[in-house]
Amino acid sequence: MSKINIFFGHLFEFREAIIKSLIIFLFIFVALSLFSNNIYEFFSEPLLNQLTNKNGTVISTKLTATFIVPLKITAICSFIASLPFIFYQLWKFVSPGLYKKERKLFGYLLISGFWLFILGVIFVYLIIFPVIFKFFISMTPNNVDLMIDISYYLDMIMSLFLAFGFAFQIPIFVFSSIRFKWVKLEFYNKNRPYIIVLAFIFGAIFTPPDIISQILLALAVLILYETGLILSKKIMN
């Protein structure tokens, strides 16, 4: 078999994996869309709990927002729910080219990556949301009526979920780069001051324009970075 045939064979397999992943995502999305309003109410609860202290409300300045926003949040949930299947398709595509130990390690990394992403989302919902909502709502002057637009809230929770979800992948990235000898452990230890700067830049870019969430994300990145180093030292030794 020529190299061109092998290349196109892998390309067709990759296309098939993408199509299967897209189908499962759409199936989950259609199923969850029946409960889109309930899903929105669940994710808006941390905000509403704090708004009651100031008699604030959530408003919509666009006619379509009350329909689109719950569906977008449902799409995020559908994507997260379909990640195990997507990761399985990725593992099936990559595993034939790996040794037995590498296949096992790659499978563990994918599983760990999924659960760390879920942990990041839970961390945002239970810790980050209450902190930033309580702080900013408490700073509202008494003579100001607080009304938060539903579309802005969607953008905010999407950015925070994705930012912390990906930030929680840092231990896996650090461990994998050391385990596969892409980067030496000494490099990470030596360049820790630069990592601190990059953590705050990451927090400033991938969070809403408020200092609280930026600092919390930067601190989370640094803690997860050190966790990856500690994990690498223990396993490599």
Side-chain angles (χ1 to χ4, degrees), residues 1-45 60 62-126 129 150-173 175-176 180 206:
M1 184 179 293
S2 65
K3 292 183 178 180
I4 296 178
N5 290 335
I6 294 175
F7 171 77
F8 280 106
H10 291 320
L11 190 63
F12 290 143
E13 290 177 4
F14 185 65
R15 184 189 66 176
E16 183 179 356
I18 293 176
I19 292 174
K20 288 181 178 179
S21 300
L22 182 60
I23 290 173
I24 195 66
F25 164 75
L26 292 175
F27 177 80
I28 295 174
F29 175 70
V30 170
L32 290 181
S33 62
L34 300 174
F35 310 96
S36 58
N37 287 336
N38 302 93
I39 294 172
Y40 167 75
E41 290 172 3
F42 173 78
F43 284 105
S44 63
E45 186 175 350
S60 175
K62 298 179 181 178
L63 180 63
T64 58
T66 54
F67 173 74
I68 297 298
V69 169
L71 282 182
K72 285 184 177 181
I73 296 177
T74 302
I76 296 173
C77 295
S78 302
F79 172 73
I80 294 174
S82 61
L83 279 178
F85 184 83
I86 295 173
F87 284 165
Y88 174 69
Q89 292 298 318
L90 178 62
W91 183 84
K92 282 182 60 179
F93 177 75
V94 175
S95 60
L98 302 175
Y99 294 108
K100 185 176 180 179
K101 290 184 178 180
E102 292 175 337
R103 287 199 299 268
K104 189 175 181 180
L105 177 61
F106 188 70
Y108 283 143
L109 292 176
L110 288 178
I111 294 172
S112 300
F114 169 73
W115 285 113
L116 283 173
F117 190 92
I118 296 297
L119 185 61
V121 171
I122 295 174
F123 181 78
V124 170
Y125 185 84
L126 295 179
F129 281 174
I150 188 175
S151 298
Y152 173 79
Y153 182 63
L154 169 67
D155 294 337
M156 181 178 181
I157 66 173
M158 284 181 62
S159 61
L160 286 174
F161 281 154
L162 293 176
F164 278 86
F166 286 119
F168 270 64
Q169 308 301 309
I170 290 176
I172 293 180
F173 174 79
F175 170 76
S176 300
F180 291 109
F206 293 101

Using modelled atom types and a 3.5 Å cut-off, is there a donor and acceptor pairing between side-chain atoms of Glu45 and backbone atoms of Glu41? no
Quick check: do Phe129 and Leu160 have side-chain heavy atoms less than 4.5 Å from each other? yes
Quick one: pull up CD1 in Ile122 and CZ in Phe161 and give me the separation to the nearest 0.5 Å. 10.0 Å
Could you tell me whether the side chain of Ser112 and the main chain of Leu109 form a donor-acceptor pair under 3.5 Å? no
State the OG-CG distance between Ser159 and Leu154, to the nearest 0.5 angstrom. 9.5 Å
What one should report as the nearest heavy-atom pair of Leu32 and Ile39 is O-CD1, 3.9 Å
N/O donor to acceptor pairs below 3.5 angstrom from side-chain atoms of residues 69-84, sequence neighbours left out:
from	atom 1	to	atom 2	distance (Å)
Thr74	OG1	Pro70	O	2.7
Ser78	OG	Thr74	O	2.8
Ser82	OG	Ser78	O	3.1
Ser82	OG	Phe79	O	2.9

Heavy-atom side-chain proximity of Tyr125 to Phe42 below 4.5 angstrom: yes
Return the set of residues passing side chain to side chain contact (heavy atoms under 4.5 Å, CB included) with Ser60 (not counting sequence neighbours), or none when no residue passes. Ala65, Thr66, Ile150
For Lys62, enumerate each residue passing the side chain to side chain donor-acceptor pair (under 3.5 Å) test, keeping only those at least two apart in sequence or located in another chain. none
So how far is it from Ile86 CD1 to Ile18 CD1, rounded to the nearest 0.5 Å? 10.5 Å
Centre-to-centre under 6.0 Å for Phe114 and Tyr88, is that the case here? no
Would you say Ser176's side chain and Phe173's backbone share a donor-acceptor pair under 3.5 angstrom? no
